[in-house]
Number of protein chains: 2
Amino acid sequence: MSSLKSKILVVATDLFQTRGINSTGVDTIVAVAGTTKMTLYKYFTSKENLILEVLEKGHQDFQSWLSEQLNSNAKKPSDKLQKLFEFIEEWVTSPNFRGMGFIKASAEFPNEESAVHQLSSEQSRQFRQYISSLASEANIQDADGLALQLSLIFEGAVQAEQMKRGSGAMKYAKKASKILIDSALTN
Amino acid sequence: MSSLKSKILVVATDLFQTRGINSTGVDTIVAVAGTTKMTLYKYFTSKENLILEVLEKGHQDFQSWLSEQLNSNAKKPSDKLQKLFEFIEEWVTSPNFRGMGFIKASAEFPNEESAVHQLSSEQSRQFRQYISSLASEANIQDADGLALQLSLIFEGAVQAEQMKRGSGAMKYAKKASKILIDSALTN
DNA sequence: AAATCTATATACAGACCTGTATATATAAGA
DNA sequence: TCTTATATATACAGGTCTGTATATAGATTT
């Protein structure tokens, strides 16, 4: 991938999270990235296409990092579930953290026919599915139910952490996840 | 309050939730409300002012309904806490439900200097504070912690329920809240 | 050195948005 | 009937946004 294209993606990811997607114009993006609109439209067919690529990249980076960490640091399936929020906290509190794109995108694009909305809700579904598979492997009865509960807490905590860094939301989310997982394991 | 002003508020509340705030122009609002821009700008000094009044009204309606229900249907403080999500579910699944304004508004207005952002995060704080006071009365040690956990679940479930009606999010949110409250009561 | 590829600079068309100005209609009260 | 208050109809100024057109500069290849 061209270095300029990569730079545009990084800058757009940042601006979308800090100023909102709809409120960030392409002029602002190219100015911050130190390039011009002609170059942006060479690598991306439209602003919507740029948004979609930003979402794709963010989601892939997070998912592959997370499953990598869980696979190499936890062996038993129930350990993976227990350590899930430990690693999520590590990700969210890292200086490189730029927010979870799909959470904000689904709020800014509520129209179900929008491609952005469709991708972001698909990513949310995929993440829930991943948690559910961890729960299944740990022999939890209602795996989908626990996955939904954990994803509610996760999305809420990420949003809170984004709005106010160091809000403590992640700490209490971690505690809540422990309680819910324990309760699901003993039932 | 003038009937036209009230009509504009209702229509704007609806459109903001279904299409997004920034994506909804005042022209659309007045067309759906069956009036004109001149009338809208008579009752509201600006679009931002309209957004703020929509948020105020939505929050007041919810908070007064909720505390009314809790005060008349639960006597012991711990009962109020236990029944909190029962009533929230009733509110969210009612046909009149138009979403919780402050959840979406904080996502669409991430700039901390924005008056809309400030109001919506203040409302979020107030709601959390209300839950915390219920927890305190029920003699829960870390009342603020539990309030944060419950509000994370609440905001996540409302957002999920908005995105997909009948998603079952509310049902599992209710279960999660029971588990977390029980855990907090016995510690 | 000539040709080609990539990025820049700049301008602008077309669409949309907020907020206002102007002129008109409608209905109620004096 | 005359006046006053309220709502409508319509047009538009000024701004922002996306996406494109045109011309130019720099660098690499042949």
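All figures in this text were calculated on a predicted structure; none of them were measured in a lab. Reminder, nothing fancy here: chain letters follow the sequence lines and each chain counts from 1.
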Pairwise N/O distances under 3.5 Å, protein to nucleotides 8-14 of chain C:
unit_1 : atom_1 : unit_2  : atom_2 : d
C:dT8  : OP2    : A:Thr35 : OG1    : 2.5
C:dT8  : OP2    : A:Thr39 : OG1    : 3.0

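Within the structure, salt bridge (charged side-chain N to carboxylate O under 4.0 Å, His left out) contacts touching residues 6-30 of chain A (residues at least two apart or in different chains) are A:Asp14-A:Arg98, A:Asp27-A:Lys37. For the salt bridge (charged side-chain N to carboxylate O under 4.0 Å, His left out) condition, the pairs that include at least one residue of residues 83-93 of chain A, sequence neighbours left out, are A:Glu86-A:Lys178, A:Glu89-A:Lys174. Within the structure, salt bridge (charged side-chain N to carboxylate O under 4.0 Å, His left out) contacts touching residues 107-123 of chain A (residues at least two apart or in different chains) are A:Glu122-A:Arg125.
Among residues two or more places apart in sequence or in another chain, the side-chain hydrogen bond (donor to acceptor under 3.5 Å, both in side chains) test is passed with A:Asn73 by A:Gln69. Judged as a side-chain hydrogen bond (donor to acceptor under 3.5 Å, both in side chains), and not counting sequence neighbours, the contacts of B:Ser132 are B:Asp144. Residues satisfying the side-chain hydrogen bond (donor to acceptor under 3.5 Å, both in side chains) test with B:Glu48, not counting sequence neighbours, are none. Here B:Asn111 pairs with nothing under the side-chain hydrogen bond (donor to acceptor under 3.5 Å, both in side chains) rule; sequence neighbours left out.
Between the CG atom of B:Asp27 and the P atom of D:dC12 there is a distance of 15 Å, given to the nearest Å. One interatomic measurement links the two molecules: NZ of A:Lys47 to C1' of D:dT16, which rounds to 11 Å at whole-angstrom precision. Separating the CD atom of A:Glu48 from the P atom of D:dT18 is a distance of 13 Å, rounded to the nearest angstrom. Distance, B:Leu40 CG to D:dT8 P: 11 Å, rounded to whole Å. The distance between atom CD1 of B:Ile51 and atom C1' of C:dT18, rounded to the nearest whole Å, is 12 Å. Atom pair A:Ile21:CD1 and D:dC17:C1' shows a separation of 16 Å (rounding to whole Å applied). If you measure from atom OH of B:Tyr41 to atom C1' of D:dA7, you get 17 Å, rounded to the nearest angstrom.
Of all nucleotides listed (C:dA7, C:dG19, D:dT18), C:dA7 comes nearest to the side chain of A:Lys42. Side-chain atoms of B:Val26 lie closest to C:dT18 of the nucleotides C:dA7, D:dG19, C:dT18.
Sorted by residue number, the list of members of residues 11-20 of chain B with any non-hydrogen atom under 4.0 Å from DNA chain C is empty.
Taking 4.5 Å as the limit, every side-chain heavy atom of A:Leu84 sits out of range of all side-chain heavy atoms of A:Phe154.
Looking only at atom types and distance, the side chain of A:Tyr130 has no donor-acceptor partner in the side chain of A:Ser67 under 3.5 Å away.
The side chain of A:Tyr43 contributes an N or O atom lying less than 4.0 Å from OP1 or OP2 of C:dA7.
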